[in-house]
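See below for the structure under consideration.
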Amino acid sequence: MTTASTPHPSRRRLLMASTLAPVLSPALAAASQTSPSAPGGSRQPGVASKPDAQRMRIAFGSCARQEKPQPIWATIAATQPDLFVFLGDNFYADARDEATLRKRYDEFEAVETLQAFRRATPHVAMWDDHDFGDDDVGGDYPLKDLSQRLFCDAWQEGPDSPRRRRSGVYESYRFESGGHTVQLILMDLRFNRTALVADPALRTGYDTMLREAKLSGKPMKGWYVANPSPEASMLGEEQWAWLEQQLREPADVRLIGSSVQFAADGSGWEGWANFPRERQRLVDLIRSTRAEGVVILSGDMHYAEFSRWEAPQGYPLWDITSSGLTEVWAIPTPNSKRASAVLAEANFGLIDIQWPSKDQAGPPDAQIQMSIIDVKGVTRLSHNLTLNQLRFPIA
């Protein structure tokens, strides 16, 4: 989100900012230099193997402005997650020159509450637009190569890390827990992304839309529209090929990190809805690879919600949005795939996976609890799934 004093085309982000008041854990730092299990395959981050564990807890969140207080890290730490996933907008660079980008990284690494959390908690990270470079930017961002180097330095990716060599910082990890495997896939939705398409009439009428939304309390739609072009891309072909390889790896549960919302439809803001061919391509890829157990983790929107995408000949794809760690957007937005209330407060997400007991009567089935937690540690949104609900129908 941009500050009120900074001229920028994204007026939604301007309003948000103007009206709302350095070391990785040693285990993970070492693991970041571990070679992949196969060329391009999933890496093993610094999370202790727990062969007899009955539960795995993964926390996640996005959108933390570096100049604001960040008390939420103590709340997250109190939940004792096995891993925290930074989903993007981990700080706000909004940089159009090298000096500013470097300065913003320095500011990020000076937030002691955040850095203390990083030192104490195994974690992995992906970027979104603001820490990649600037508001809503994609593959045309002129400083993206520098941004990749600074990202890898800040998150202590070793000199041989594939994240330094790829066309983007996408990565995949594997965790062994209770005799089961959890795969975490972090997609890079910035480095190769085609420019967004905006509706000029909606952009011009923004101030009127904003006034009406404030008065009526009705959802406010953004100005981005779908780009149906076959050339429009979110990932780029290299990343698509890599993603197919990841989805073919065996895993019991697959968490896919998407820095923007996957399932939300009709908001008019950033999301996979702006690239309908790419979204359908991901749905088709999950089906063709027979990848089961997929849950999508997303951020960006400055509020939290659950969305559900029905996939014909497949199983429902749940999209759990957690945003933001400091940032809040209180004006409702439309989303035809919404499957929960909306929480417009500082929040983070939790995925609790409860593995079946070996002496459990009947067919064993893992339980997946999806939760959104506020800064006081109170669960505000929650939904339970069984792993059998994330499997393809038997033909």
Side-chain angles (χ1 to χ4, degrees), residues 10 12-13 16 62-63 87-89 128-129 136 138 187 189-190 193-203 205-206 209-210 212-213 216-230 232-235 255-287 294-324 329-344 349 370 372 381 383 385 389-390:
S10 179
R12 171 178 177 261
R13 309 298 176 92
M16 242 182 293
S62 62
C63 307
L87 276 177
D89 291 347
D128 197 33
D129 53 340
D136 293 353
M187 299 182 294
L189 305 182
R190 294 295 164 184
R193 199 210 66 198
T194 304
L196 298 168
V197 176
D199 182 331
L202 290 175
R203 187 186 288 274
Y206 176 85
M209 292 165 52
L210 180 59
E212 291 176 349
S216 68
K218 293 181 179 179
M220 177 180 171
K221 182 181 175 69
W223 51 67
Y224 291 124
V225 295
N227 184 347
S229 169
S233 179
M234 290 277 278
L235 275 64
L255 304 178
I256 298 182
S258 171
S259 61
V260 299
Q261 289 187 305
F262 167 79
D265 233 17
S267 77
W269 304 110
E270 275 206 280
W272 285 77
N274 299 321
F275 298 88
R277 288 176 179 267
E278 291 284 273
R279 179 162 60 180
Q280 188 59 48
R281 183 173 180 178
L282 180 55
V283 173
D284 292 344
L285 185 59
I286 291 171
R287 182 168 54 241
V294 169
V295 175
I296 297 170
L297 314 179
S298 64
D300 176 62
M301 293 301 292
H302 294 196
Y303 55 77
E305 65 179 354
F306 299 164
S307 304
R308 174 180 164 130
W309 182 271
E310 297 294 340
Q313 302 177 333
Y315 55 88
L317 295 175
W318 284 87
D319 180 357
I320 316 306
T321 302
S322 175
S323 174
W329 173 255
I331 296 176
T333 58
N335 174 9
S336 65
K337 306 300 182 183
R338 185 171 287 142
S340 73
V342 174
L343 179 64
M370 310 177 298
I372 297 294
L381 302 176
H383 185 78
L385 294 170
Q389 292 174 292
L390 304 178

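Just so you know, these numbers use all the heavy atoms, side chains as well, and skip hydrogens, waters and symmetry mates.
- In this structure, the side chains of Leu87 and Asp300 stay at 4.5 Å or more apart for every pair of heavy atoms.
- Within the 4.5 Å cutoff, the side chain of Leu235 has heavy atoms near those of the Leu189 side chain.
- Between Arg277 and Pro228, the shortest heavy-atom distance links the atoms NE-O, 2.6 Å.
- Between Ala344 and Ala330, the closest heavy-atom pair is CB-CA, 4.0 Å.
- To the nearest 0.5 Å, the span separating OH on Tyr224 from CZ on Arg203 amounts to 5.5 Å.
- Within the 4.5 Å cutoff, the side chain of Asp129 has heavy atoms near those of the Asp89 side chain.
- A salt bridge does not link Asp284 to Arg281: none of the charged nitrogens lies less than 4.0 Å from a carboxylate oxygen.
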>> Test side-chain contact (heavy atoms from CB on, under 4.5 Å) on Val260 and Met187; report intermediate values, then the result.
In response: CA-CA 10 Å; Val260 299; Met187 299 182 294; over 6 Å; no
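- Inter-residue side-chain proximity for Lys337 and Arg308 is flagged as unmet; no heavy-atom pair is nearer than 4.5 Å.
- Ring centroid separation for the pair Trp309 and Trp318 does not come in under the 6.0 Å cut-off.
- Between the side chains of Ser259 and Asp128, at least one donor N or O sits under 3.5 Å from an acceptor N or O.
- For the atom pair CG of Asn227 and CE of Met234, the computed distance is 11.5 Å after rounding to the nearest 0.5 Å.
- With a 4.5 Å cut-off on side-chain heavy atoms, Leu282 and Phe262 count as touching.
- Each of Ile372, Ile331, Thr333 was evaluated against Tyr303; a single residue qualifies, Thr333, per the side chain to side chain contact (heavy atoms under 4.5 Å, CB included) test.
- No hydrogens or angles considered: a donor-acceptor pair under 3.5 Å links the side chains of Ser258 and Trp272.
- Taking both residues in full, the closest heavy atoms of Ala311 and Val283 are given as CB-CG1, 4.0 Å, listed atom of the first, atom of the second, then distance.
- Residues Glu278 and Ser233 meet the side-chain proximity criterion, which asks for heavy atoms closer than 4.5 Å.
- Taking CD1 of Ile320 as the reference point, atom OG of Ser322 lies at 10.0 Å (rounded to 0.5 Å).
- Taking CG from Leu317 and CD from Glu310, the interatomic distance works out to 9.0 Å, rounded to the nearest 0.5 Å.
- Using a 4.5 Å cut-off on side-chain heavy atoms (C-beta onward), Gln389 and Pro316 make no contact.
- Side-chain contact between Arg279 and Asp265 is present, with heavy atoms from C-beta onward closer than 4.5 Å.
- Ser323 approaches Ser62 most closely through the heavy-atom pair CB-OG, 3.4 Å.
- Summarising the geometry, atom CD1 belonging to Ile296 is positioned 5.5 Å from atom CD1 belonging to Ile286; distances are rounded to the nearest 0.5 Å.
- Atom CE of residue Met301 and atom OG1 of residue Thr321 lie 8.0 Å apart, to the nearest 0.5 angstrom.
- Using a distance-only test at 3.5 Å, with no hydrogens or angles considered, a donor-acceptor pair links the side chain of Ser340 to the main chain of Phe306.
- A salt bridge is absent between Asp199 and Lys221; no separation between the charged side-chain nitrogens and carboxylate oxygens falls under 4.0 Å.
- Of all the heavy atoms in Val295 and Met370, the pair that sits closest is CG1-SD, 4.1 Å.
- Of all the heavy atoms in Gly266 and Pro334, the pair that sits closest is O-CG, 3.0 Å.
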